[in-house]
Protein chains: 2
Amino acid sequence: MTLAAKPMYQQLKDLIIGRISSGDLRPADRVPSENELVEAMSVSRMTANRALRELTDEGYVERVAGRGTFVSDFRARSHVLEVHNIADEIQRRGHVHTCQVLRHSRQHARGEIAKALHVAQGIDVFHLLLVHFENGTPIQLEDRHIVADFAPECLEQDFRHVTPSAYLSAISPLQEAEQVVRAAQPNAAVRQRLLMADDEPSLVVIRRTWSHGRPVTFARLHHPGSRYELTGHYAPPGTPKSTTENVVELEKLQR
Amino acid sequence: MTLAAKPMYQQLKDLIIGRISSGDLRPADRVPSENELVEAMSVSRMTANRALRELTDEGYVERVAGRGTFVSDFRARSHVLEVHNIADEIQRRGHVHTCQVLRHSRQHARGEIAKALHVAQGIDVFHLLLVHFENGTPIQLEDRHIVADFAPECLEQDFRHVTPSAYLSAISPLQEAEQVVRAAQPNAAVRQRLLMADDEPSLVVIRRTWSHGRPVTFARLHHPGSRYELTGHYAPPGTPKSTTENVVELEKLQR
DNA sequence: TGGTCTAGCCTGTATATACAACTTGGTGAG
DNA sequence: CTCACCAAGTTGTATATACAGGCTAGACCA
C-alpha cells in the first residue's frame, strides 16, 4: 500500500474499472464521455482523455469518435478467460459443445489442493469433475476445485450449460492466472473418460486463477494428445494499433 | 496503407523504435529527453511525453525521473526471444547448458518445410539438429530449418555456444511467432537422443518465427515429458505499473 | 413522405504552461 | 577533505485551449 495519493487519471481509471467489475457497467454500455467526466470529477479534459485512452489500450473500453466510449465485450479484454472457456473455443469452430457432470460436491480442502488455493486444511471447497465433448467426442476432462466462499452458490449451478470458467468470471473478474502445460501418461480412469488409446499421451494444463489477490480456483485439464493441441501467436508489442493483439492468445485447434 | 499522415506522437515513436531496431540505440543507451525532442522535432513537450510514455508501456524504454529515458534490456521487451532461448532458461536456473550438434547442413526445402517457410520447393534452407543438455541430461531436441538467404553465414556458426535462436535474433529482430504445443509419442530416434523411457510421452513445441513480415525459421522442439513442462503467467493488462508483467512469460521448470 | 443538411456532441490530436518530485553534479561552508 | 546544500535537468502530472474529423438526431425542404 502506498500512502501517496494516486494520480487523478488513475483514480478515474479505477473508478470506471470498478463500475465494470461490479456489473454497474456491462459490455456495450456507454461510459461517461470526457466532458461528462470533466464536469462530474472536476478534472481537465486531457486528464479524462488519458484515463479513457489507457482503458482503451488495456482493452476495457472501446471508443468511437462521434459516438462515445463503450464497455468492451468481456472476451476482448480477458485473454485469461478466453483460454478458460472451452465451450467458446468449440463454438468458434462451429462445433457443438456438450458437457457431462461426473462430480459436483462440497469437500474439505486437503494436501495439494489446500496448498494451491492458499487455504488452511479442512476449509470448504467445491469439487467439479466434468467431461467436455466436441461434436460428441470427449475433448477435455476438467478436474476443478473452487474456494467455497468465493462461489457460495456453486452447488446450485448447472454446469452442463455454463462452463465453470464462465460462471466464475461472472462472479468476479479473474485477474491473474498461472498455468503449467505438460505431457503425461493418463491413468486408466482418465483414459476411459476421454476414449483414449492405450498408448496415447495426454496434454495436461494445470491452471490456478486469482481474483482480488487470492487464488480462487485450481483446475487440471486433461486432453487426449491425438485430438488436442495448444496454439499461440506472439506479436511484437506496439506495432499494431491495438494492444489486444499484443498479448498472447492461446487457443486450441483440432483436426 | 493509410494515406493519412501518421500523428506526430506516432512518428516520434516510429523514429525511436527505428533507432533501436537498427542498433543505433542499444540497450541502456540514453534516449533523447522530452525537451531535446521538443527542440529537435518542433513538437510540444506533451507530445514528446506521450510518445515516450507509450514506448515505456510497450516495453521499449524505461524512464527514471531526474535521470532520463533509456533503452530497455532487449530481453525485457522481446518475450518471443525469451521463449526461444533454452540456454538462457537453463542458465537462469543456475544449471549448466551444453549442446551437441547432430546435423548442420544446407538442403533444398521441400514439402512441409517449404510450405511452412513460404518458399518455393527447392529453395535453399539450412537444417540444424541439436540436442540441448541441462547439467548433462538431454532436455531438448531441436530440429530447425532456416531460410538460407536470411542467415547466409549460418554454416560458419558454432551452435554449441550460441543457440540458433540467439544467433537468429542477433541477425534481425524476430518480430512474430506462432507456436503449437502438443503431447506426442516420440519415435525411437528421438527417444534415444533424449534418453527417454519406452512409454514416456514427449512435449513438442512447433514454432515458426517471422522477421520483417516473412517466416524465416521453423523449429520442432522435442522434450521429455517427465523432465520438462511449460509454465505461463497471465496478469491483467494495466493494473501493475510495468508492462513487462502483462505479457505471458513462458519458461520451463524442472524437478 | 422522403431526402438533405446542419447543429451539436464526441473522440483524436496538438500546443503552451505550470508545478511537483527525483537525480546528479557542482558549489561552498565547516 | 567531507558534508550539506542548491541549481539544473528530467520525468510525472495537470490544466486550459484549440482545431480536425466522425457520428447522429432533428430541422428543414422538396
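Quick caveat: nothing in here was measured; it's all calculated off a predicted structure. Throughout, a chain's letter reflects where its sequence line sits, starting with A, and its residues are numbered from 1.
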*Would you say the base of C:dG12 and the side-chain of A:R45 have a donor-acceptor pair closer than 3.5 Å?*
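Yes, the side chain and the base share a sub-3.5 Å donor-acceptor pair.
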
What is the distance, to the nearest angstrom, from the [atom1] atom on [X] to the [atom2] atom on [N]?
X: B:R53; N: C:dA14; atom1: CZ; atom2: P; answer: 13 Å
X: B:N49; N: C:dT13; atom1: CG; atom2: P; answer: 15 Å
X: A:E62; N: D:dC23; atom1: CD; atom2: C1'; answer: 16 Å
X: B:E54; N: C:dT13; atom1: CD; atom2: P; answer: 8 Å
X: B:E34; N: C:dC22; atom1: CD; atom2: C1'; answer: 14 Å
X: A:F70; N: D:dC23; atom1: CZ; atom2: P; answer: 12 Å
X: A:K6; N: D:dA14; atom1: NZ; atom2: P; answer: 13 Å
X: B:L12; N: C:dT13; atom1: CG; atom2: P; answer: 13 Å

*Checking salt bridge (Lys or Arg N to Asp or Glu O under 4.0 Å) for the pair B:E34/B:R63: CA distance, chi angles, key distance, verdict?*
CA-CA 11 Å; B:E34 296 182 0; B:R63 314 193 74 191; 2.8 Å; yes

Options [options], nucleotide nearest the side-chain atoms of [X]:
X: A:A65; options: C:dT15, D:dT10, D:dG21; answer: D:dG21
X: A:R63; options: D:dC23, C:dG12, C:dA14; answer: C:dG12
X: B:S33; options: D:dT11, C:dT23, D:dA14; answer: D:dT11
X: A:M8; options: D:dT11, D:dA14, C:dA14; answer: D:dA14

_Comparing A:V64 and B:N35 on DNA chain D - which has the more 5′ nearest nucleotide_ = B:N35

*Can a donor-acceptor pair be found between the side chains of A:T217 and A:R144 at a distance below 3.5 Å?*
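Result is yes, a qualifying pair exists.
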
*Quick one: do the B:H97 and B:E134 side chains pair a donor with an acceptor below 3.5 Å?*
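There is no such pair between these side chains.
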
Would one find a side-chain N or O of [X] under 4.0 angstrom from OP1 or OP2 of [N]?
X: A:Y9; N: D:dT13; value: yes
X: A:T47; N: D:dT15; value: yes
X: B:S44; N: C:dT17; value: no
X: A:R50; N: D:dA14; value: no

*Quick check: are there more than 12 heavy atoms from other residues, nucleotides or ligands sitting under 6.0 Å from CZ of B:R214?*
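Result for CZ/B:R214: enclosed.
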
*Verify the neighbour count for atom CD of A:E39: are there more than 12 heavy atoms of other residues, nucleotides or ligands below 6.0 Å?*
no

_Mind checking if B:M46 touches a base, just sugar-phosphate, or nothing, with heavy atoms under 4.0 Å?_
base

